[in-house]
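Structure first, commentary second.
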Amino acid sequence: MQKFYVTTPIYYPNARPHLGSAYTTLIADSFARLYRSLGYEVFFLTGVDEHGEKIERTARAKGFSPKEFVDKMAVEFKKAWKKMDITYDRFIRTTDEDHEETVKDILAKIYNKDDIYRGKYEGYYCVACERYYTEKDLVDGKCPYHLKPVEKRKIDSYFFKLSKYKDRLIEFYNSNPSFLPPNYKREILDRLSELKDLSISRPKEQLSWGIELPFDEKHVTYVWFDALLNYLSGIGYISNKSLYQQFWPPDIEIMGKDIIWFHCVIWPAILMSAGLELPKRQVAHGFLTVDGRKMSKSLGNVVDPVEVVERWGHDALRYYLLFKVPFGSDGDFSWKIFEEMYSKELVGNIGNLANRIVVLSHKLLNDVVEFEVDERLSREVNTIIDNLNILSKNLDVERIISEGYSRVISFAGMLNAYLNEKEVWKTKDKNDMMNLLESLYILSVLLEPILPQASEKISSLFDGRKRISELKPFGKNVSKLPSEKRVILYKKEV
RNA sequence: AGCGGGGUAGGGUAGCUUGGAGUGCCCGCCGGGCUCAUAACCCGGAGAUCGGUGGUUCAAAUCCACCCCCCGCUACCA
């Protein structure tokens with residue numbers, strides 16, 4: 001059986017999940033569901049990145065220890081994902097024991113390979129912020145927040161020989177053309193020319209909330225080095241060898257466009273140094289504005305994904321993110337479009353269709369009957385499934401959404417048209433009715449990655465949830481009438 | 001500034017890698033149909049010099065050059 005390993009970044013839990021992290025997670029979840037449905041063995045990893053200065057400071061400011069604080073925040077994230085029916089297989093925390101061991105193991109490997117050296121990190125330190133800035137961050141040579149003078153400070157730090165991997169990275173990109181997100185490919189290649197080594201540690205007296213270096217107990221790992229390795233520890237690099245062997249490497253890693261550099265350059269270089277296989281595809285989505293404006297607290301237009309989901313259901317949010325935001329580019333979360341989409345496409349197209357068919361089936365039939373398959377419907381179903389299989393095999397996630405998923409939604413439109421064309425309520429044709437019932441059932445299976453709530457509601461009227469890979473030929477799937485006489489997938493008023 | 005992404009009917013998008021009649025989708029608008037259905041559904045129509053100019057070609061939204069407009073990125077804060 002083929003495997004599929006999909007990841008989201010681990011989110012920084014200094015605040016509750018926001019629309020951006022929900023976006024990444026819902027998209028990843030959709031793919032996890034799709035591949036499962038197509039019969040793949042799937043592992044879906046998400047989690048939180050709990051180390052670092054900012055967490056330490058936020059925690060202390062609120063009167064908690066870092067660990068107490070992240071324990072609370074991890075729960076917040078899990079609750080949010082539960083509300084969205086996120087089907088992750090593991091929720092990793094960088095304070096998990098096996099993660100810490102993984103980081104130490106990889107660091108030791110790289111150190112022994114002579115890819116880590118001791119040096120001086122030079123930066124501009126703002127006493128008020130208690131952090132370093134690079135020269136470019138500064139405003140008139142001063143701290144950008146406090147506008148106070150900064151001190152140039154040198155600290156001991158270990159460096160990863162990132163620059164050493166420049167040529168090998170380029171070579172890798174060339175021989176694996178689908179690795180980089182298409183929209184950002186040229187930018188990354190361009191920036192690669194100025195590749196510098198990466199500071200990967202901080203002395204403990206400056207930062208204590210992190211994972212200790214295996215070769216120097218006075219230092220802890222710094223930010224990304226720790227975070228990126230979650231993809232290894234999460235799949236059992238230390239704790240579950242057989243799982244690791246089954247799933248490594250990730251098939252797709254999904255992220256927002258802000259962290260492309262880390263995933264496309266630093267991450268592969270680390271893996272090269274450690275002698276491990278690289279992920280197959282890095283997939284980046286864009287950022288969202290709200291009604292055309294940047295989301296900000298001062299504008300008061302912050303969209304809380306949990307609130308959206310509580311009111312409208314997670315189907316609506318998924319559907320919006322999948323179809324109303326061009327995947328890979330920036331998009332807008334427009335309340336007007338969102339509400340229109342809800343009432344036109346979810347209530348009117350999908351929801352109304354399901355109810356029409358269910359109600360009508362009870363009016364026309366006492367029980368299911370043998371019927372002659374409508375070729376047009378059956379051919380369309382086969383085409384949809386073939387298409388999804390091909391796109392999935394190629395990890396062509398952009399087209400899975402724009403072609404594969406769109407076609408599933410169009411199928412609902414096709415059924416509405418079929419119903420009108422045949423005027424089934426008038427002819428009372430049992431053959432047509434059975435074709436529609438069969439189609440509705442198959443539609444519910446196809447919808448599972450796109451609209452899991454609707455899918456669940458429809459399939460529960462028949463005999464429960466099925467995978468696409470378990471579907472029988474068109475005409476052989478429905479064995480009983482819907483268990484209810486009507487079904488409301490989406491309420492008109494919410 | 002350098003680099004990158006985008007500019008397709010009133011709005012939003014797909015198509016561009018591998019050129020072939022402006023082809024598709026959602027919303028809005030106009031006209032018709034239907035009454036099984038959550039005033040939902042279906043059909044038809046109007047509406048685009050595919051940002052501009054020039055080039056390659058029998059043929060360009062699609063390839064090349066230049067220009068204009070919008071938006072990002074330029075890394076050790078995640």
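Labels below follow one simple rule: chain letters A, B, ... track the order of the sequence lines, proteins then strands, and each chain is numbered from 1.
The P atoms of B:G11 and B:U49 are separated by 11 Å, rounded to the nearest whole Å.
Inspection of the A:Thr25 and A:Tyr11 side chains reveals an N or O donor paired with an N or O acceptor under 3.5 Å.
Atom-to-atom, CG of A:Asp332 to C1' of B:G72 comes out at 16 Å; the value is rounded to the nearest Å. B:G6 atom P lies 17 Å from atom CZ of A:Phe287, rounded to whole Å. Atom CE of A:Met341 and atom C1' of B:C25 are 15 Å apart (whole Å). When the C1' atom of B:C76 is taken as reference, atom CD1 of A:Ile260 falls 17 Å away, rounded to whole Å. Remark: P of B:C27 and CD1 of A:Ile337 are 11 Å apart, rounded to the nearest angstrom. The CZ atom of A:Phe262 sits 12 Å away from the C1' atom of B:C73 (whole-angstrom rounding). With rounding to whole Å, A:Ile259 atom CD1 is found 15 Å from B:C76 atom P. In this structure, CZ of A:Arg399 is placed 12 Å from P of B:U17, rounded to the nearest angstrom.
Base-pair partner of B:C29: B:G45 (Watson-Crick or G-U wobble, both distances under 3.5 Å).
Listed by chain and residue number, A:Asp156 satisfy the salt bridge (Lys or Arg N to Asp or Glu O under 4.0 Å) test with A:Lys120 (two or more places apart in sequence, or in another chain). A:Glu380 is linked by a side chain to side chain donor-acceptor pair (under 3.5 Å) to A:Arg407, counting only residues two or more places apart in sequence or in another chain. Applying the salt bridge (Lys or Arg N to Asp or Glu O under 4.0 Å) rule to A:Lys428 yields no partners; only residues at least two apart in sequence or on another chain are considered. Here A:Lys196 pairs with nothing under the side chain to side chain donor-acceptor pair (under 3.5 Å) rule; sequence neighbours left out.
Taking OG from A:Ser201 and CD1 from A:Ile155, the interatomic distance works out to 7.5 Å, rounded to the nearest 0.5 Å.
Salt bridge absent: A:Lys72 and A:Glu76 never bring a charged side-chain N and a carboxylate O closer than 4.0 Å. Salt bridge absent: A:Asp429 and A:Lys422 never bring a charged side-chain N and a carboxylate O closer than 4.0 Å.
Nucleic acid contact for A:Ser199: base, since at least one base atom lies under 4.0 Å from a heavy atom of the residue. Using a 4.0 Å heavy-atom criterion, one finds that A:Lys426 contacts the sugar-phosphate atoms exclusively. Contact annotation for A:Glu345: backbone-only contact, meaning every heavy-atom pair under 4.0 Å involves sugar-phosphate atoms and none involves a base. Nucleic acid contact for A:Asn14: none, since no nucleic acid atom lies under 4.0 Å from a heavy atom of the residue.
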Original post:
For A:Tyr231 and A:His263, what are the C-alpha separation, side-chain angles and deciding distance, and is it a ring pair (Phe, Tyr, Trp, His ring centres under 6.0 Å)?
Top reply: CA-CA 11 Å; A:Tyr231 303 127; A:His263 284 79; 5.6 Å; yes
Subject >> Sequence-aligned protein contact record of nucleotides 36-46 of chain B, with B where the base is within under 4.0 Å of a protein heavy atom and S where only the sugar-phosphate is >> reply: BBB-SBB----
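Mapping A:Phe159 and A:Glu403 onto RNA chain B via the closest heavy atom, the residue that lands nearer the 5' end is A:Glu403. When each of A:Gly331 and A:Tyr184 is assigned the nucleotide of RNA chain B with its nearest heavy atom, A:Tyr184 is the one assigned upstream, toward the 5' end.
Minimum heavy-atom separation, A:Ala28 to A:Thr8: CB-CG2, 3.6 Å.
Within residues 316-326 of chain A, the residues approached by RNA chain B to less than 4.0 Å at the level of any non-hydrogen atom are A:Lys324, A:Pro326, in residue-number order.
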